[in-house]
Amino acid sequence: MKKYVLHILCVVLICAGHINVSGEETKEIKDSDLISKSAVIIDGKTGRVLYGKNYEQKMAMASTTKIMTCIVALENSKLDAVVEVSSRAAGMPKVHMNIKKGEKYYMKDLLHAMMLESFNDVSVAVAEGVAGSVEAFAKLMNEKARSIGAFHTNFVTPNGLDADKHYSTAYDMALIGAYAIKNKIFLEITNTKSYHLSDVDNKRNFNVTNRDAFLTMDNSAIGIKTGFTGKAGYCFVGAVKSKGRVFVSSVLACGWPPNKSYKWKDTMCLMNYGKEHYNNKSLLKKNKEIDVNLERGTKKKIKASILGSSKYLINPNEKYNFKTNISYKYPIKENDKIGTVDIFIEDNKVQTRNIVAKEAVSEYNFKYCFQKVLNWFILQ
């Protein structure tokens with residue numbers, strides 16, 4: 001605990017320029033304030049960048065890779081699946097749990113060991129247990145990255161050890177982290193303080209402890225994962241939940257030995273900035289009703305509704321606006337889509353909401369007029 005207290009004291013002293021202790025507006029972060037070569041903080045609910053430094057630069061990301069390894073395993077395997085250790089897994093370098101070829105473990109136990117202690121041998125065992133091989137598992141990782149929107153990432157290994165063409169960006173890793181923390185089991189694993197496991201035959205027993213010091217530095221912290229290799233330097237993807245807000249940060253190449261604490265300093269600065277500068281604001285009322293003018297309709301105007309809600313983390317200094325696009329074909333039925341509203345924050349489109357009709361209406365044309373006249377004669 002002493003070293004954690006020292007970490008926190010160091011962070012507070014270094015970040016004092018960003019912490020609002022007097023009630024005055026906090027300062028903006030400058031790139032020079034951060035040690036990381038690449039860093040970002042995003043809205044964990046929408047993925048919008050709140051601040052970034054070289055956040056789209058492709059870089060090694062070390063064991064933060066295991067965030068994706070864990071989520072792919074959770075989505076493609078069962079927690080009670082039995083995994084047999086291969087010679088490839090057993091031969092992984094430190095940090096390792098020293099699992100041995102032929103041993104069998106439950107997937108749930110391996111995921112805890114991998115995320116809490118960052119064991120490289122366990123990561124390979126997980127990958128092979130899910131997909132049969134590291135190569136097949138990497139394919140699943142990359143497919144998942146694309147589906148999340150992490151388009152500047154390529155996974156080669158499940159453990160993050162340095163490898164050619166194994167890279168990501170600070171933004172992509174934050175995006176992957178934001179996706180992962182939406183999984184309840186992932187959160188339960190990564191927030192476990194300590195865990196006991198054994199092989200299926202109960203011949204070997206292990207105790208693993210959570211190495212994520214950030215969980216003790218911020219009372220709103222919910223993870224996520226550290227990393228280090230000689231190429232990547234110190235890395236960390238962090239997340240906090242505070243007053244209905246979710247912030248996810250990522251720092252890459254944040255110093256090299258012996259400077260382990262730099263990643264905490266940068267992460268705390270990013271999180272303090274987010275919490276001090278951004279609050280939830282409803283930009284458009286949920287299911288807001290509007291009037292829509294029509295051309296060539298049997299009604300000149302109809303009631304419509306903008307579906308959904310638009311609550312965003314926004315800085316009071318940021319400007320937002322809307323662009324309405326009306327497009328329809330007759331006849332219009334109730335609940336038909338008749339347009340969209342694009343929502344912009346600082347000229348960046350953050351959402352598109354559909355507009356639906358709340359009334360039915362026909363086109364005012366010859367057919368409509370003829371039918372009206374015909375009905376009139378029939379009623380005479």
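In what follows, every heavy atom counts, from backbone to side chain, and hydrogens, waters and symmetry copies are set aside.
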[X] and [Y] ion-paired at < 4.0 Å:
| X | Y | answer |
| --- | --- | --- |
| K329 | E363 | no |
| K319 | E346 | no |
| K358 | E334 | no |
| D291 | K303 | yes |
| R88 | D121 | no |

So, [X] and [Y]: side-chain donor and acceptor under 3.5 Å apart, yes or no?
| X | Y | value |
| --- | --- | --- |
| E56 | T169 | no |
| K66 | N120 | yes |
| D199 | Y106 | no |
| S86 | E128 | yes |
| D342 | T352 | yes |
| T153 | D172 | yes |
| S220 | S242 | no |
| S63 | S118 | yes |
| N354 | T340 | no |

Do [X] side-chain atoms and [Y] backbone N/O form a donor-acceptor pair below 3.5 Å?
| X | Y | answer |
| --- | --- | --- |
| T65 | M61 | no |
| D336 | K333 | yes |
| S77 | L74 | no |
| H277 | Y273 | yes |
| E318 | N315 | yes |
| S282 | L284 | no |
| N279 | L313 | no |
| N210 | S194 | no |
| H166 | F155 | no |
| T69 | P158 | yes |

Next on the checklist: If you apply the rule side chain to side chain contact (heavy atoms under 4.5 Å, CB included), what do you find for T324 with I326, and how did you get there?
Outcome noted: CA-CA 6 Å; T324 303; I326 300 298; 3.8 Å; yes
For [X] and [Y], which heavy atoms make the closest approach, and how far apart are they?
| X | Y | answer |
| --- | --- | --- |
| V251 | A39 | CG1-CB, 4.0 Å |
| E75 | K144 | OE1-NZ, 2.9 Å |
| V248 | I181 | CG2-CD1, 4.1 Å |
| E103 | R204 | OE2-CD, 2.8 Å |
| W264 | D212 | CH2-OD1, 3.8 Å |
| L215 | A221 | CD2-O, 3.9 Å |

Checklist entry - Are V246 and I345 linked, directly or through other ILVMFWY residues, by side chains that come within less than 4.5 angstrom of each other? => result no
Checklist entry - Are M271 and I67 connected, step by step, through hydrophobic side chains (Ile, Leu, Val, Met, Phe, Trp, Tyr) whose heavy atoms are closer than 4.5 Å? => result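 No.
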Next on the checklist: For Y179, give me all partners under ring pair (Phe, Tyr, Trp, His ring centres under 6.0 Å), at least two apart in sequence or on another chain.
Outcome noted: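 For Y179, no residue satisfies ring pair (Phe, Tyr, Trp, His ring centres under 6.0 Å) once neighbours in sequence are set aside.
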If you count heavy atoms of other groups shown closer than 6.0 angstrom to [atom1] of [X], is the number above 12?
| X | atom1 | answer |
| --- | --- | --- |
| K275 | NZ | yes |
| Y55 | OH | no |
| K182 | NZ | yes |
| F206 | CZ | yes |
| D347 | CG | no |
| K299 | NZ | yes |

Checklist entry - When you look at S362 and Y330, which way does the side chain to side chain contact (heavy atoms under 4.5 Å, CB included) test go after all the steps? => result CA-CA 6 Å; S362 300; Y330 291 111; 5.6 Å; no
Next on the checklist: For Q57 and S38: C-alpha separation, side-chain torsions, deciding distance, then whether side chain to side chain donor-acceptor pair (under 3.5 Å) applies.
Outcome noted: CA-CA 7 Å; Q57 182 176 339; S38 178; 5.8 Å; no
Checklist entry - Step by step, would you call V341 with I355 a side chain to side chain contact (heavy atoms under 4.5 Å, CB included)? => result CA-CA 7 Å; V341 173; I355 302 173; 3.6 Å; yes
Checklist outcome for this item: Those residues at least two apart in sequence (or on a different chain) that pass side-chain contact (heavy atoms from CB on, under 4.5 Å) with K101 are S87
Checklist entry - To the nearest 0.5 Å, what is the distance between OH (Y234) and CG (D266)? => result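 CG of D266 is found 14.0 Å from OH of Y234.
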Checklist entry - Looking at CD of E359 and CG of L294, how far apart are the two atoms once the value is rounded to the nearest 0.5 Å? => result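 Taking CD in E359 and CG in L294, the distance rounds to 9.0 Å.
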Checklist entry - Per the side-chain contact (heavy atoms from CB on, under 4.5 Å) rule, which among K225, K263, M268 passes with F214? => result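 Only one option passes, and that is M268.
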Item to check | Stepwise side chain to side chain donor-acceptor pair (under 3.5 Å) check, S305 with N287 | outcome: CA-CA 6 Å; S305 179; N287 297 331; 4.7 Å; no
Next on the checklist: Quick one, C269 with L34, criterion side chain to side chain contact (heavy atoms under 4.5 Å, CB included). Give me CA distance, side-chain angles, the key distance, then yes/no.
Outcome noted: CA-CA 8 Å; C269 284; L34 299 176; 4.3 Å; yes
